[in-house]
Amino acid sequence: MAHPSAEERPLQLRLHPARFDPLSALADWQRNLTAGGAEAPAAEAHFIGRVRGRTAHGAALEALELEHYPGMTETQIERIAAAISRRHGLLAVRVDHRVGRVLPGEAIVLVAVAADRRGPAQRGGQELLEALKHDAPFWKREWCGGVGTWVEGNTAF
Amino acid sequence: MVRLFASLREQAGWWERSLAITPDYPSPTPASLWPHLGLGAAIPPQVRVAVNQAFAALDQPLQSGDEVAFLPPISGG
């Protein structure tokens, strides 16, 4: 069976207000990709991001708080995923992102992309993750010693 | 409707405000709203603007019913 294009098999996007298991999310996406007997894509690239236990200044982190812009965040991720899918010829995209209070060690983001070759899969997945970090409206606040500090910008690549 | 997020909301002390387009303020843009709402002299370079939930230029003419948002530096993923 031929692979549907990303337009026919749209982005799967989940914003989680509570802890999520990225491996279960990935399994759910992969089941969906092969539903109805479809052949599994030849290449997939996955990224799981977890909250580190230290603040940007090296202090022990209590929690990370993630604010988003309901409506625009989802729409913007859809726009980003559609543009990157077209550019790299991706077959499918899955994005899971936490919102609310996230504890050290918990998953904050899952990005998974499927393609016919490893190059487009890896390049498309990396580009999607960087675009999420810079162009999808999320804001992090680090909680440390009961004090919250907004994070301005992203950690080093 | 004007909305503020994260650090901007906390600095301003409000998160959402309705504003009418009136004869004494007939052609608002995001750039002119910023001082009009007492947020400062000019939009700082690191602040981005969205109109109706899409990124927009600072000088985009605004229509009645538009939703304008001022977004501090994004830190997702």
J.: Only pairs of heavy atoms separated by less than 4.5 Å count here; which of A:D135, A:V151, A:L132 has the most with chain B?
T.: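 The answer is A:D135.
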J.: Side chain from CB out, backbone as N, CA, C, O: work out which of these in A:R98 comes under 4.5 Å of a heavy atom of chain B, or both, or neither.
T.: neither
J.: Working note: B:F70 + B:F5, criterion ring-ring contact (aromatic ring centres under 6.0 Å, His included); need CA distance, chi angles, decisive distance, verdict.
T.: CA-CA 7 Å; B:F70 294 108; B:F5 287 89; over 10 Å; no
J.: Counting only heavy atoms closer than 4.5 Å, note whether A:H134 contacts chain B via side chain, backbone, both or neither.
T.: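 The backbone, not the side chain.
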J.: Report yes or no: is the cationic atom of B:R17 (NZ for Lys, CZ for Arg) closer than 6.0 Å to the six-membered ring centre of B:W14, at no more than 45° off its axis?
T.: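 Positive - B:R17 is close enough to the ring of B:W14 and near enough to its axis.
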J.: Could you check whether B:R3 pairs with B:E16 (Lys NZ or Arg NE/NH1/NH2 to Asp/Glu carboxylate O, under 4.0 Å)?
T.: yes
J.: Just by modelled atom types, is the A:G146 backbone N or O under 3.5 Å from a matching donor or acceptor in the A:E62 side chain?
T.: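 A pair under 3.5 Å: yes.
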